[in-house]
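Along the sequence shown, residues are numbered consecutively beginning with 1.
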Amino acid sequence: QVQLVESGGGSVQAGGSLRLSCAASGHPYYMGWFRQVPGKEREWVAGMQTTGGSTDSDARVKVSLKGRFTISQDGAENTVYLQMDSLKPEDTAMYYCAASVDSVVLFTAEFEYDIWGQGTQVTVSS
């Protein structure tokens with residue numbers, strides 16, 4: 001059973017940067033990041049295939065976050081990263097790492113992911 005451990009959340013001022021890490025205990029096929037604000041639905045942020053010789057060119061980021069958020073991986077460490085730059089107060093949320101042991105079709109959909117991390121809080125102040 002794959003397990004995920006997230007780290008890197010915290011508080012930062014607007015315009016700052018944070019890097020989230022998600023270490024997998026096994027070798028999931030696909031990993032992604034979601035975020036959720038209290039009272040709102042969880043939204044997909046980014047994802048990428050993490051097996052089969054995938055590279056960072058396989059990464060996908062929510063269109064509205066492109067240019068500020070980047071997902072990457074360290075295959076040797078089974079870890080994916082979410083680099084968040086030029087952070088805005090509206091980026092404040094609980095960020096969750098998620099993984100699928102099988103290939104995914106709709107990588108933005110929660111149901112595609114069968115393993116979830118505990119979440120890490122990101123707070124951006126103005």
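Note: Trp33 CH2 to Leu82 CG = 6.0 Å, rounded to the nearest 0.5 Å. Here CD of Glu41 is found 14.0 Å from CZ of Arg35. Values are rounded to the nearest 0.5 Å. Taking OG1 of Thr70 as the start and CG of Leu65 as the end, the distance is 10.5 Å to the nearest 0.5 Å. How far OH of Tyr30 is from CD of Gln49: 8.0 Å, rounded to the nearest 0.5 Å. Here the OG1 atom belonging to Thr120 is positioned 10.5 Å from the OH atom belonging to Tyr95, to the nearest 0.5 angstrom.
Between Val45 and Lys62 there is no side-chain heavy-atom pair separated by less than 4.5 Å. For the pair Gln83 and Arg68, the minimum side-chain heavy-atom distance is 4.5 Å or more. Looking only at side-chain heavy atoms (C-beta outward), Gln1 and Ile115 come within less than 4.5 Å of each other. The shortest side-chain heavy-atom distance between Leu4 and Met31 falls under the 4.5 Å cut-off. For the pair Val61 and Ile71, the minimum side-chain heavy-atom distance is below 4.5 Å. Gln36 places none of its side-chain heavy atoms less than 4.5 Å from the side chain of Glu43.
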Practice prompt. Run the numbers on Tyr113 and Phe34 for ring-ring contact (aromatic ring centres under 6.0 Å, His included), then give the verdict.
Written response: CA-CA 11 Å; Tyr113 300 84; Phe34 288 75; 5.2 Å; yes
Discussion item. One pair to check against side-chain contact (heavy atoms from CB on, under 4.5 Å): Glu110 and Trp44. What are the steps and the verdict?
Written reply: CA-CA 8 Å; Glu110 289 185 56; Trp44 176 79; over 6 Å; no
Practice prompt. Give the intermediate values and the outcome of side-chain contact (heavy atoms from CB on, under 4.5 Å) for residues His27 and Val101.
Written response: CA-CA 7 Å; His27 301 276; Val101 296; over 6 Å; no
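Met94 and Met84 end up in different hydrophobic clusters when Ile, Leu, Val, Met, Phe, Trp and Tyr side chains are linked at under 4.5 Å. Cluster membership for Leu87 and Tyr81, using ILVMFWY side-chain heavy atoms within less than 4.5 angstrom, is not shared.
In plain terms, the two heavy atoms of Pro28 and Thr51 that are nearest each other are O-CG2, 2.9 Å. Nearest heavy-atom pair across Gln73 and Val80 is CB-CG1, 4.0 Å. In plain terms, the two heavy atoms of Ala93 and Val37 that are nearest each other are CB-CG2, 3.8 Å. Here the closest non-hydrogen pair linking Leu106 and Glu112 is N-OE2, 2.8 Å.
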Could you tabulate the donor-acceptor pairs under 3.5 Å formed by side-chain atoms of residues 9-22, not counting sequence neighbours?
unit_1 : atom_1 : unit_2 : atom_2 : d
Ser17  : OG     : Asp85  : OD1    : 2.7

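Counted within 6.0 Å of CD on Gln121, heavy atoms from surrounding residues, nucleotides or ligands total more than 12; the atom is thus considered enclosed.
Both cation-pi conditions hold for Arg42 and Tyr96: the charged atom is under 6.0 angstrom from the six-membered ring centre and inside a 45 degree cone around its axis.
Judged purely by atom type and a 3.5 angstrom limit, Asn78 uses its side chain to pair as donor or acceptor with the backbone of Gly26.
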